[in-house]
Undergrad: 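Quick one: this structure, given as structure tokens, is what I'll be asking you about.
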Protein chains: 2
Amino acid sequence: MKTTKSIRRNSPIPLSQCGVFLAAELIGDKWTLLILREALYGVVRFDDMLNDLGIPRAVLTARLKRLVENDIMRRDPYREENSRTRYSYTLTDQGIELTPVIIALMQWGDRYLRNDAAPISLMHKDTGNGLKVALVDEQSSALSINDITLKINDVEKR
Amino acid sequence: MKTTKSIRRNSPIPLSQCGVFLAAELIGDKWTLLILREALYGVVRFDDMLNDLGIPRAVLTARLKRLVENDIMRRDPYREENSRTRYSYTLTDQGIELTPVIIALMQWGDRYLRNDAAPISLMHKDTGNGLKVALVDEQSSALSINDITLKINDVEKR
DNA sequence: TGCGCTGAGTTCATATGTCAAACTTAGCTA
DNA sequence: TAGCTAAGTTTGACATATGAACTCAGCGCA
């Protein structure tokens, strides 16, 4: 039996004041997290995300709408040779700042839910050093999120 | 119009191999993230979480069940003076490792979704230094998750 | 000019999940 | 033994997710 030491009866702050709550309301669902993953990887098209994730069309439409409305993603027209204008969905600055959330999830998932080596790792664009998400001193300098490169390890590309 | 440079047509790894996907299936929903928050804060009782989060009973039951089944939380009997045996829900080692995910969410939410100062901050238990989640060099030493203390800033306790 | 293609979005019927409230259960005190 | 309370289950109304079919608009091409 555990002792009763350090049992807390309620959280130190009310829900409405809680960043976790506000963030979870906005991006705390499976598909939204996966859409952010796609965006991090550089997938920008509706149909590509659709195929990649196996997400229902209507859900992808609704999620992208919410992300755009909340300034996490941006919807821009673009044009390839010999085809009509389409729209790309990319992360805004605010959206890019969610990188640590996705990477933290990835690290945890790779470590505890996969029984294989991590299929992808992060590298610093310039130094080539491996990167990780971690708790560090507030004062210590963080790497810029824009300096990340993905390195794919030994998994067959489809 | 954007150029088409660096558009990726699909993610570099298949979903089934993806740590983000596996993690998102398991903990990627609003209530589960909030339950993890409660656990981090030290709330351990069913009824306390219920009151604190305003989560429906049946949903809390189901979520805790899933977390216990997947070895993220542990269900232990405990006993207070003059009351019956109850069960406490606490994080397992695997669950504690999700701290960076929750903290990353908190940081982002506090920064972009609140218009006030962060209601809570993290401190190193010994040094008292402020902490943050960040991308760092893989080699750099991370702080132990067990050395965290919460510091509550200027928000009225209910 | 009109034909057909394709990316993006909408609509539909069905299935599944969420919700609040009421009810059940088990273990304790008195 | 009665009554209390924390935890869990059931209920039925409602909301959201799902997969398939359908719509729509802009474009290349004949």
Side-chain angles (χ1 to χ4, degrees), chain A residues 1-2 4 7-10 15 21 24-35 38-39 42-70 73-90, chain B residues 1-2 4 7-11 15 21 24-35 38-39 42-69 73-90:
Chain A
M1 292 247 183
K2 273 189 71 170
T4 57
I7 282 188
R8 203 193 286 258
R9 302 305 309 273
N10 51 249
L15 263 198
F21 173 73
E25 290 251 282
L26 192 51
I27 64 158
D29 73 272
K30 186 181 88 168
W31 289 126
T32 301
L33 292 169
L34 289 172
I35 288 167
E38 291 290 295
V43 177
V44 304
R45 293 181 190 171
F46 188 91
D47 260 39
D48 290 344
M49 293 187 181
L50 201 72
N51 295 331
D52 234 29
L53 297 177
I55 184 177
R57 302 181 90 81
V59 175
L60 182 54
T61 302
R63 292 292 187 279
L64 286 173
K65 182 155 170 275
R66 192 169 71 191
L67 289 169
V68 169
E69 281 170 356
N70 287 277
M73 298 193 80
R74 183 192 348 254
R75 181 178 188 268
D76 293 312
Y78 75 98
R79 184 86 202 275
E80 277 188 334
E81 295 279 323
N82 285 346
S83 58
R84 53 174 285 211
T85 299
R86 301 177 205 168
Y87 294 92
S88 66
Y89 293 88
T90 52
Chain B
M1 293 249 182
K2 274 189 69 170
T4 58
I7 283 188
R8 203 192 285 259
R9 302 305 310 273
N10 51 250
S11 85
L15 262 198
F21 173 73
E25 291 249 284
L26 192 50
I27 63 157
D29 73 272
K30 186 181 86 167
W31 290 126
T32 301
L33 292 169
L34 289 173
I35 289 167
E38 291 291 296
V43 178
V44 305
R45 294 181 189 170
F46 188 90
D47 260 39
D48 290 344
M49 293 188 181
L50 200 71
N51 295 331
D52 234 28
L53 297 177
I55 183 177
R57 302 182 89 81
V59 175
L60 181 55
T61 302
R63 291 292 187 280
L64 286 173
K65 181 155 173 274
R66 192 170 71 192
L67 289 169
V68 169
E69 281 170 358
M73 297 193 82
R74 183 194 345 257
R75 182 179 188 268
D76 292 314
Y78 76 98
R79 184 84 201 278
E80 278 188 333
E81 296 280 322
N82 285 344
S83 59
R84 53 175 285 211
T85 299
R86 301 177 204 168
Y87 294 92
S88 66
Y89 292 89
T90 52

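Letters go in sequence order (proteins before strands), and every chain restarts at 1.
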Undergrad: What's the verdict on side-chain contact (heavy atoms from CB on, under 4.5 Å) for A/D76 and A/T90, showing C-alpha distance, side-chain angles and the deciding distance?
TA: CA-CA 8 Å; A/D76 293 312; A/T90 52; 4.2 Å; yes

Undergrad: Do any side-chain nitrogens or oxygens of A/T85 fall under 4.0 Å of OP1 or OP2 in D/dC27?
TA: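 So the side chain of A/T85 is within the cut-off, an N or O lying under 4.0 Å from OP1 or OP2 of D/dC27.
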
Undergrad: Distance check needed: C/dA20 C1' versus B/N51 CG, whole Å only.
TA: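 Rounding to the nearest Å, CG of B/N51 and C1' of C/dA20 are 14 Å apart.
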
Undergrad: Round to the nearest Å and state the distance from A/I55 atom CD1 to C/dT10 atom C1'.
TA: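 Atom CD1 in A/I55 sits about 16 Å away from atom C1' in C/dT10.
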
Undergrad: Taking only side-chain N and O atoms of B/Y89, does any of them lie within less than 4.0 angstrom of OP1 or OP2 on D/dG8?
TA: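 Yes, B/Y89 has a side-chain N/O under 4.0 Å of OP1/OP2 on D/dG8.
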
Undergrad: Under 4.0 Å between a Lys/Arg side-chain N and an Asp/Glu carboxylate O for A/R57 and A/D47?
TA: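 A/D47 and A/R57: salt-bridged.
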
Undergrad: Suppose we call a contact any N or O donor and acceptor under 3.5 Å apart; does that hold for the side chain of A/R57 and the base of C/dA8?
TA: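 For A/R57, whose side chain was compared with the base of C/dA8, there is a donor-acceptor pair (under 3.5 Å).
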
Undergrad: Counting just side-chain N and O atoms, does A/R84 come under 4.0 Å of either OP1 or OP2 of D/dC24?
TA: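 For A/R84, the contact criterion (side-chain N or O under 4.0 Å from OP1 or OP2 of D/dC24) is not met.
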
Undergrad: In this structure, which one of A/R45, A/R74, A/E38, A/R75 forms a side chain to side chain donor-acceptor pair (under 3.5 Å) with A/Y89?
TA: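 Answer after filtering A/R45, A/R74, A/E38, A/R75: A/R75.
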
Undergrad: Can you check whether B/R66 has a side-chain N or O nearer than 4.0 Å to OP1 or OP2 of C/dG17?
TA: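 No, no such contact exists.
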
Undergrad: Atom NZ of B/K65 to atom P of D/dT9: distance rounded to whole Å?
TA: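 That distance rounds to 8 Å.
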
Undergrad: I need the minimum non-hydrogen distance between A/A39 and A/M73, along with the two atoms involved.
TA: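 What the structure gives for the nearest pair is CB-CE, 3.5 Å.
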
Undergrad: Rounding to a whole Å, what distance do you find between A/F46:CZ and D/dT23:P?
TA: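 In whole Å, D/dT23 P and A/F46 CZ are 18 Å from each other.
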
Undergrad: Between C/dT18 atom P and B/K30 atom NZ, what is the distance in whole Å?
TA: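 In whole Å, C/dT18 P lies 10 Å from B/K30 NZ.
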
Undergrad: Specify the residue among B/R45 and A/D29 whose closest nucleotide of DNA chain D lies further upstream toward the 5′ end.
TA: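 Its nearest nucleotide lies further toward 5', so the answer is B/R45.
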
Undergrad: It should be established whether A/W31 places a side-chain nitrogen or oxygen under 4.0 Å from OP1 or OP2 of nucleotide D/dT18.
TA: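 Yes, A/W31 has a side-chain N/O under 4.0 Å of OP1/OP2 on D/dT18.
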
Undergrad: Just one of B/I55, B/D29, B/L53 clears the side-chain contact (heavy atoms from CB on, under 4.5 Å) bar with B/L34, so which one?
TA: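 Among the candidates, only B/L53 passes.
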
Undergrad: Rounded off to whole Å, could you give me the CD-to-C1' distance for the A/E25 and D/dT16 pair?
TA: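 Interatomic distance, CD of A/E25 to C1' of D/dT16: 15 Å.
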
Undergrad: Let me know the distance between CG of B/L50 and P of D/dG8, rounded to the nearest Å.
TA: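 Nearest whole value for this atom pair: 11 Å.
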
Undergrad: Just the rounded figure in Å: distance from C1' of D/dG8 to CZ of B/R86.
TA: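 It works out to 15 Å between those atoms.
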
